[in-house]
Amino acid sequence: MVKRSERIDWIYVTMAVIFLCVFAIAGIVRAEAAWAGSGSSSGSHPRLTDEAGLLTSQESSGLLARLDEVSERQKMDIVIVTTNSLQGSSAMDYADDFYDKNGYGYGSGKDGVLLLISMEDRDWWISTCGYGITAFTDAGIEYLSEQFLKDLSDGNYEAAFQTYISQCDEFIAQARKGRPYDRSNLPHEPLSQLWMLAALGIGLVSALIAVAVMKGRLKTVRSQGTAGSYVREGSMHITDSREFFLYRNVHRTARPQQTSSGSSTHTSSSGASHGGGGGKF
């Protein structure tokens with residue numbers, strides 16, 4: 001017979017094994033979730049790298065959380081990198097290499113977009129890869145940069161980066177609809193009602209002034225019943241009247257050619273295809 005104390009020992013051993021299995025399974029699930037949510041193929045590099053120290057720790061935490069949320073929801077890496085030196089590279093090469101070497105990008109296409117800020121010569125560059133090349137056209141990148149460059153130039157870095165993230169979210173969502181923002185369909189800010197009312201008021205005042213001036217110049221003019229009152233007596237004698245078609249002038253203007261659209265691409269040092277654009281701030 002098995003003694004009572006031995007049965008109790010076996011019960012404890014069995015419960016311990018069960019608990020260990022549960023904890024092991026939970027750990028595996030959490031690891032898989034973290035891997036799936038990282039968005040990067042390596043999952044080892046954060047989506048915000050502030051080597052230039054432009055942000056406070058609180059600003060960095062908030063921006064990183066937002067970058068992760070939008071990237072995971074859109075299934076495309078959105079990355080921000082700041083640096084004090086390009087180490088002899090161009091802004092384009094530095095951005096492309098940073099993206100490739102740190103394993104950013106979703107899926108086999110390495111879908112993503114990276115904003116590089118270099119304080120060395122105040123350069124900015126947006127590097128796109130995979131589906132990012134489709135979502136961010138050349139014209140789209142130009143428009144996107146106009147939304148954050150003022151804050152960037154003024155040193156409002158956190159505000160500039162927040163705008164960049166919001167614009168990326170909007171651009172990716174638009175691309176998913178099958179019509180990425182491009183030269184023919186860039187977003188337009190709606191006019192404020194105050195601006196519309198002001199424009200109407202200015203137009204009305206201008207019209208009243210113009211009418212008043214014209215009316216003042218016509219004080220000596222009186223309306224006449226017939227056109228004969230405007231002809232000096234005996235000064236005009238019409239003996240014959242005919243109409244002749246002499247010639248016709250035709251002016252032809254060349255239709256302006258549409259500027260290029262879509263995304264231009266290049267190959268990085270690692271052999272990956274990238275799009276992008278940049279400038280100074």
Side-chain angles (χ1 to χ4, degrees), residues 37-40 45-86 90-92 94-96 98-99 102 104-105 111-129 132 135-176 180-182 185-195 275-281:
S38 66
S40 299
H45 215 288
R47 294 184 175 98
L48 173 63
T49 301
D50 184 23
E51 294 177 353
L54 306 181
L55 304 165
T56 65
S57 58
Q58 185 175 1
E59 290 172 340
S60 294
S61 298
L63 285 167
L64 181 57
R66 190 147 182 250
L67 284 167
D68 289 341
E69 186 277 323
V70 177
S71 297
E72 291 160 17
R73 173 165 46 82
Q74 293 286 10
K75 298 296 184 288
M76 182 184 293
D77 270 342
I78 303 172
V79 183
I80 297 174
V81 178
T82 75
T83 184
N84 283 317
S85 173
L86 296 175
S90 67
M92 181 186 77
Y94 190 100
D96 292 346
F98 195 97
Y99 188 97
N102 288 289
Y104 291 114
D111 305 334
V113 55
L114 180 148
L115 170 63
L116 168 70
I117 303 298
S118 172
M119 301 305 293
E120 184 176 22
D121 293 313
R122 299 182 70 82
D123 291 295
W124 67 270
W125 187 271
I126 291 178
S127 175
T128 59
C129 190
F136 298 89
T137 62
D138 294 345
I141 289 174
E142 181 180 350
Y143 170 88
L144 190 158
S145 66
E146 291 170 356
Q147 310 311 303
F148 65 74
L149 276 180
K150 185 179 186 306
D151 279 327
L152 198 62
S153 299
D154 293 342
N156 301 323
Y157 302 113
E158 196 265 347
F161 296 154
Q162 290 285 6
T163 300
Y164 161 74
I165 298 170
S166 297
Q167 290 292 316
C168 285
D169 194 6
E170 182 179 340
F171 269 62
I172 297 167
Q174 175 69 20
R176 303 283 191 207
Y181 284 131
D182 206 344
N185 67 321
L186 291 174
H188 298 284
E189 294 292 333
L191 283 176
S192 168
Q193 292 185 353
L194 292 176
W195 278 106
K280 302 284 186 180
F281 66 93

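All figures in this text were calculated on a predicted structure; none of them were measured in a lab. Values reported hereafter were calculated over all heavy atoms of this structure, with side chains retained and with hydrogens, waters and symmetry mates removed.
Atom OG in S90 sits 7.5 Å away from atom CH2 in W125 (nearest 0.5 Å). Note that CG of L67 and SG of C168 are 8.5 Å apart. Values are rounded to the nearest 0.5 Å. In this structure, CZ in R47 is found 11.5 Å from CD1 in I80, a value given to the nearest 0.5 Å. Atom OH of Y157 and atom CD1 of I117 lie 9.0 Å apart (nearest 0.5 Å). For the atom pair CG (D50) and OG1 (T82), the distance works out to 3.5 Å, reported to the nearest 0.5 Å. Note that CD of E158 and OG1 of T56 are 7.5 Å apart. Values are rounded to the nearest 0.5 Å.
Partner of Y164 under the side chain to side chain contact (heavy atoms under 4.5 Å, CB included) criterion, chosen from V113, L152, L63: V113. For the side chain to side chain contact (heavy atoms under 4.5 Å, CB included) test with L116, the passing option among D123, V81, D96, T49 is V81; the others fail. Partner of I78 under the side chain to side chain contact (heavy atoms under 4.5 Å, CB included) criterion, chosen from I172, L114, L48: I172.
Side chain of Y99 to main chain of G112: a donor-acceptor pair is present (N/O by atom type, distance under 3.5 Å, no hydrogens or angles). Between the side chain of T128 and the backbone N or O of G275, at least one donor-acceptor pair lies under 3.5 Å. No donor-acceptor pair closer than 3.5 Å links the side chain of S127 to the backbone N or O of M92.
Residues Q74 and F171 form no side-chain contact, since every pair of their non-hydrogen atoms from C-beta on lies 4.5 Å or further apart. Looking at heavy atoms from C-beta onward, F161 lies in side-chain contact with L55 at the 4.5 angstrom threshold. Residues S166 and R66 have side chains in contact (heavy-atom distance under 4.5 Å, counting atoms from C-beta outward). Residues Q174 and N185 form a side-chain contact, since some pair of their non-hydrogen atoms from C-beta on lies under 4.5 Å apart. Between M119 and F281 the shortest side-chain heavy-atom distance falls below 4.5 Å.
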Quiz item: Under the side-chain hydrogen bond (donor to acceptor under 3.5 Å, both in side chains) criterion, do Q167 and Y143 qualify, and how do the steps go?
Solution: CA-CA 10 Å; Q167 290 292 316; Y143 170 88; 4.8 Å; no
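When the shell of 6.0 Å around NZ of K280 is examined, it contains more than 12 heavy atoms from other residues, nucleotides or ligands. The neighbour count for Q58 CD, taken as heavy atoms of other residues, nucleotides or ligands under 6.0 Å away, does not exceed 12.
Nearest approach of G277 to W124, heavy atoms of both residues: O-CZ3, 3.4 Å. Taking each heavy atom of K75 and R176 in turn, the nearest pair found is O-NH2, 3.9 Å. Considering all non-hydrogen atoms of both residues, F148 and A160 come closest at CB-O, 3.5 Å. The nearest pair of heavy atoms linking Q147 to T163 is O-CG2, 3.6 Å. Heavy-atom minimum distance, Y94 versus L86: CD1-O, 3.4 Å. When all heavy atoms of R122 and S153 are compared, the closest pair comes out as NH2-O, 3.5 Å.
Between H45 and Y104, the ring planes are perpendicular. Angles over 60° get that label, and only those under 30° would be called parallel.
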